[in-house]
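Position 1 is the first residue of the sequence; numbering continues from there.
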Amino acid sequence: ESVADVNWFQKIDKLGPTDIEFFEEGGEKYLAIGTDYTNNLHTHSTEIIRWDSTNGFNTTVQRVGTDGVSRITHFRIAGELYMGIAYGWKWRTSGGKTTRDSSTSSRIYKWSATANNGSPGFLEIQSIGTIAASDMEFFTIDGVNYDREMLAIAEEPYFRVFTGKP
């Protein structure tokens, strides 16, 4: 199959991007862009950018302060939007030396109409201690006697599966 019809539409400048997740909420389209650094000070953020038909993905609506992002995923429970971010590391500075630490916390966020200084955005609702998390996936298992929401997080040297609602 040919990809000759693929045309460059937009360039979004971000230092150290590690994952991108598209989602829709309230009739709007968004990208969440995770990074492992934004400058030489190793500060991190996951940026939530809204689409508009004139400028594309050009309006940053929220920056969620984060550690080094490995994976972003979004999911819905009972129609409500959640975002999970697996964090692989955080930067620590001690004695003038900066090092990467793989003991960090991955997090679950929930969309709120007023989360971002009165505007729509994500609020952190849960932190899960992880070690070098590389992936996160939400899924539901339906059965005769149960309906269970589950979250799997890939870590070093294993993965864990959680159940329950955030």
Quiz prompt | N/O donor-acceptor pair under 3.5 Å between Ser70 side chain and Tyr87 backbone | solution = no
Exercise. Grab the two heavy atoms, one from Ser106 and one from Ala86, that are nearest each other, plus how far apart they are.
Key: OG-CA, 3.4 Å
Self-check item: Thr59 OG1 to Asp52 CG distance, which is reported to the nearest 0.5 Å
Solution: 5.0 Å
Self-check item: Separation between CD1 of Ile49 and CZ of Arg63, rounded to the nearest 0.5 Å
Solution: 8.0 Å
Practice problem: Only pairs at least two apart or in different chains count here, so list each salt bridge (charged side-chain N to carboxylate O under 4.0 Å, His left out) that has a residue in residues 121-131. | Solution: Arg107-Glu124
Quiz prompt | Results of side chain to side chain donor-acceptor pair (under 3.5 Å) for Thr104 - residues two or more places apart only | solution = Asp67
Quiz item: Minimum heavy-atom separation for Gly129 to Ser105, with atom names?
Solution: CA-OG, 3.9 Å
Practice problem: Report yes or no: do Leu123 and Met83 belong to one cluster of Ile/Leu/Val/Met/Phe/Trp/Tyr joined by side chain heavy-atom distances under 4.5 Å? | Solution: no
Self-check item: Given Thr73, Ile72, Asp135, the one that forms side chain to side chain contact (heavy atoms under 4.5 Å, CB included) with Asp19
Solution: Ile72
Practice problem: Report the C-alpha separation of Met136 and Ile108 in whole Å, then their side-chain angles, then the decisive distance to 0.1 Å, and conclude whether the side-chain contact (heavy atoms from CB on, under 4.5 Å) test is met. | Solution: CA-CA 10 Å; Met136 178 184 287; Ile108 306 295; 4.1 Å; yes
Self-check item: Sole residue of Phe138, Phe75, Phe122, Trp111 in ring-ring contact (aromatic ring centres under 6.0 Å, His included) with Tyr82
Solution: Phe75
Distance-only donor-acceptor pairs under 3.5 Å for side chains of residues 21-34, two or more places apart:
unit_1: Glu21; atom_1: OE2; unit_2: His74; atom_2: N; d: 3.3
unit_1: Glu21; atom_1: OE2; unit_2: His74; atom_2: ND1; d: 2.6
unit_1: Glu25; atom_1: OE1; unit_2: Arg76; atom_2: NH1; d: 2.9
unit_1: Glu25; atom_1: OE1; unit_2: Arg76; atom_2: NH2; d: 2.7

